[in-house]
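First comes the structure, then the notes that go with it.
Computed over heavy atoms, backbone and side chain alike; hydrogens, waters and symmetry mates excluded. Whatever order the structure lists ligands and atoms in, that order sets their numbers, starting from 1.
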Amino acid sequence: MLPEKVDVLVIGAGPAGTVAASIVNQAGYKVKIVEKQQFPRFVIGESLLPRCMEALEEARFLDAVKARGYQRKNGAKFEKNGKICNYFFDDQFTEGWGWTWQVPRADFDHTLAKTVESQGVSVAYETGVTGIVFHPDGTSTTTITDKDGNTSEIFARFIIDGSGYGRVIPKLFGMERPSNLPPRKAVFTHIADKNRSMDDEPDRITIIVHDKAVWIWVIPFSSGITSVGFVADAGFFDQFSGSSEEVMRALIASQPYIATRMKDADFVFEPKTLQSWSATTDKFYGDGFVLTGNVTEFLDPVFSSGVTLATVSSQIAGKLVVKKLKGEAVDWDEEYMKIMQQGVDTFRSYVMAWYEGTLDTIFFADDQDPDIKRKICSVLAGYVWDTDNPYVKDHATALKKLAKTIHLRDSISYINNGFKDPEPS
Ligand code: FAD
């Protein structure tokens, strides 16, 4: 059988794949998505960032997503030993979206996939990419295999790899590289959150500092279901034994901030475990292909950067692929790789500062400077490309300097206070 011919083959129908497919399709090119699983399918990554709204808008997905009635997310709340630090995206330094959503991903990703199909993109579900041969001119022949084991071929002028944790092209062509972040583990589930009240502020993600380098996400959905997950070094979980449900119940009981609210909650599914998710690759593009979303680099869940990096990378890459198909020159290094690396590196500095405790010092400091807070808020909203923001431009040093100043100020106040801790307010 002759191979099916398309302009662009997209691997994966997650947020990265569907945003890229929509942008190329809008320019009038023939696009096909090949997706290994049947949708809806479970995937973790439920708290979005405002910056991804720009990508969803450009992909013409916003109306369909709005119609799903997801929980609006207006900010992020950090909790440690009863102390609260709130960030509201409306207050951010960078001009842009001041809100987004908290989404059950099975439904969200299915909505994006159905919308891109309604725009005219063909999606082959339960069909995986099992081999690719690149020709000298950058075109390619891809072997796909359906659920019954039948194989066929697709000839494409260009491939966009949005295969997420599948990492199809890096694996097939030996481009995988280990991340410089240590491996971590997450244990999570969805609960029927009957004891949730408005005091729990469902309009934002809550991140609870549980212990040194151990934290919890609480992501309420509009359905009354709430996603809860514990993240730590794998060794932390060794102290808990029993079934996955028993381990999750013991974890919940060990954290005063959520114990009362969640201790008797029904679990929607048996708690799941994921670990060692950080991965990277030495190049985000090559002759005839570009990598987007998690295939480029996935860091860590703490700042909910995954879907934003996935959709923004596809927003940029989709437009560059169109440029390339039109016969215009594309400098992939300057126009794609450097831009994505800037976003990833900014988040990397924040992830490292989180686990080192630097952000702990900043988030829970007394008398925080509102101007600095607005700048950090922009990063938490996903505006990691705004180099007018010194907390983006100097991401590697700005947080450390700020934490040092806070420590110094606290030491001076301790001395002035006769070496006594201040009275609790
Ligand atoms: P995916 O969503 O993984 O989609 C890739 C698709 O490709 C899949 O549907 C897969 O079936 C398909 N595929 C794979 N291999 C093949 C193949 N061979 N052929 C065809 N199709 C294939 N991100 C956030 O934004 N917010 C969060 O709160 C958040 N929390 C997280 C918590 C944890 C514990 C972890 C590990 C991650 C979290 N993330 C979060 C990250 C988020 O999961 C990902 O960044 C996001 O799903 C990436 O989207 P994507 O489109 O690149 O990949």
Side-chain angles (χ1 to χ4, degrees), residues 9-21 32-52 55 73 76 100-106 108-110 112-113 123-132 142-147 154 159-172 181 183-189 205-207 215-219 227-232 271-279 291-314 317 344 347 380 382:
L9 171 67
V10 176
I11 311 174
T18 48
V19 166
K32 184 182 181 83
I33 301 181
V34 174
E35 166 55 56
K36 201 162 86 175
Q37 301 182 62
Q38 183 56 276
F39 274 27
R41 57 89 177 90
F42 181 86
V43 65
I44 197 66
E46 297 142 332
S47 174
L48 308 185
L49 300 181
R51 174 60 181 87
C52 85
K73 175 183 171 187
T100 183
W101 288 289
Q102 291 161 175
V103 298
R105 282 287 301 281
F108 175 74
D109 288 20
H110 198 202
L112 303 192
V123 184
Y125 290 101
E126 294 186 278
T127 305
V129 167
T130 45
I132 303 172
T142 294
T143 305
I144 58 171
T145 307
D146 71 15
K147 65 177 191 314
I154 300 179
I159 296 180
I160 299 175
D161 184 358
S163 61
Y165 303 104
R167 309 181 61 74
V168 171
I169 288 183
K171 279 186 182 155
L172 284 175
L181 294 171
R184 295 199 168 87
K185 178 171 168 175
V187 177
F188 55 93
T189 189
I205 185 173
T206 298
I207 302 281
W215 61 274
I216 304 160
W217 78 69
V218 178
I219 305 173
S227 175
V228 188
F230 285 72
V231 181
K272 297 177 191 283
T273 298
L274 271 177
Q275 57 188 331
S276 306
W277 44 69
S278 307
L291 314 177
T292 68
N294 259 30
V295 190
T296 55
E297 171 150 14
F298 179 65
L299 297 167
D300 190 271
V302 66
F303 296 119
S304 308
S305 57
V307 172
T308 295
L309 290 173
T311 51
V312 174
S313 59
S314 284
V344 171
F347 273 121
L380 302 184

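For ligand 1, the atoms closer than 4.0 angstrom to any heavy atom of Gly128 are 19 (N), 20 (C). With ligand atoms numbered from 1 in the order given, ligand 1 contributes 10 (C), 11 (O) to contacts under 4.0 Å with heavy atoms of Gln37. Taking every heavy atom of Thr127 and a limit of under 4.0 angstrom, the matching atoms of ligand 1 come to 20 (C). Set against the non-hydrogen atoms of Ala186, the atoms of ligand 1 under 4.0 Å away are 34 (C). For ligand 1, the atoms lying closer than 4.0 Å to a non-hydrogen atom of Gly14 are 4 (O), 51 (O).
A 4.5 Å side-chain heavy-atom check between Trp217 and Ile44 finds at least one atom pair inside the cut-off. Counting only heavy atoms from C-beta outward, the side chains of Val168 and Val295 never approach each other to under 4.5 Å. A heavy-atom distance below 4.5 Å is found between the side chains of Trp215 and Pro301. The shortest side-chain heavy-atom distance between Ile205 and Ser304 falls under the 4.5 Å cut-off. Residues Leu49 and Lys73 have side chains in contact (heavy-atom distance under 4.5 Å, counting atoms from C-beta outward). For the pair Ile11/Ile132, a side-chain contact is recorded, criterion being any heavy-atom separation below 4.5 Å from C-beta on.
Across all their heavy atoms, Thr311 and Cys52 have their closest contact at OG1-CB, 3.4 Å. In plain terms, the two heavy atoms of Ala55 and Val312 that are nearest each other are CB-N, 4.2 Å. Ala16 approaches Ser314 most closely through the heavy-atom pair O-OG, 2.6 Å. Thr296 and Leu291 get closest at one heavy-atom pair: CG2-O, 3.3 Å. Annotation for Ala13 and Val123: closest pair CB-CG1, 4.4 Å, computed over non-hydrogen atoms.
Residue, atom and distance of the protein heavy atom nearest to atom 14 (C) of ligand 1 are Ser163 O, 3.2 Å. The protein atom (non-hydrogen) at minimum distance from atom 41 (C) of ligand 1 is Phe298 CE1, 3.3 Å. Of the protein's non-hydrogen atoms, the one nearest atom 19 (N) of ligand 1 is Val129 N, 3.0 Å. The protein non-hydrogen atom at the shortest distance from atom 49 (O) of ligand 1 is Ala310 CB, 3.8 Å. With hydrogens left out, the protein atom closest to atom 18 (N) of ligand 1 is Val168 CG2, 3.2 Å, a heavy atom. Of all protein heavy atoms, the one lying nearest to atom 39 (N) of ligand 1 is Gly45 CA, 3.6 Å. Among all protein heavy atoms, the one lying closest to atom 31 (C) of ligand 1 is Pro301 CB, 3.4 Å. The protein heavy-atom contact nearest to atom 25 (O) of ligand 1 is Val307 N, 2.7 Å.
Residue-level proximity to ligand 1 for Arg41 is carried by the side chain, the only part with a heavy atom below 4.0 angstrom.
Comparing heavy-atom distances from atom 37 (C) of ligand 1 across Trp217, Tyr125, Tyr165 singles out Tyr165 as nearest. Evaluated by nearest non-hydrogen atom to atom 23 (N) of ligand 1, the leading choice among Gly306, Ala113, Gly12 is Gly306. For the residues Gly166, Gly162, Cys52, the heavy atom positioned nearest atom 15 (N) of ligand 1 is part of Gly166. Evaluated by nearest non-hydrogen atom to atom 28 (O) of ligand 1, the leading choice among Gly164, Gly293, Ala16, Ser47 is Ser47. Among Lys36, Gln102, Glu35, Arg105, the residue whose heavy atom sits closest to atom 47 (O) of ligand 1 is Arg105.
For ligand 1, none of its N or O atoms has an N or O atom of Leu274 under 3.5 Å away. Note: an N/O pair closer than 3.5 Å links Ile44 and ligand 1 by distance alone. Between Asn294 and ligand 1, a contact under 3.5 Å exists for at least one N or O pair. Looking at Val295 next to ligand 1, no N or O pair under 3.5 Å apart turns up.
Note: Phe39 and Tyr125 meet the aromatic proximity criterion, with ring centroids under 6.0 Å apart.
Distance alone, capped at 3.5 Å, is enough to place a donor-acceptor pair between the Arg105 side chain and the Gly45 backbone.
A parallel orientation is assigned to the rings of Phe42 and Phe188, their planes being inclined by less than 30° (bins at 30° and 60°).
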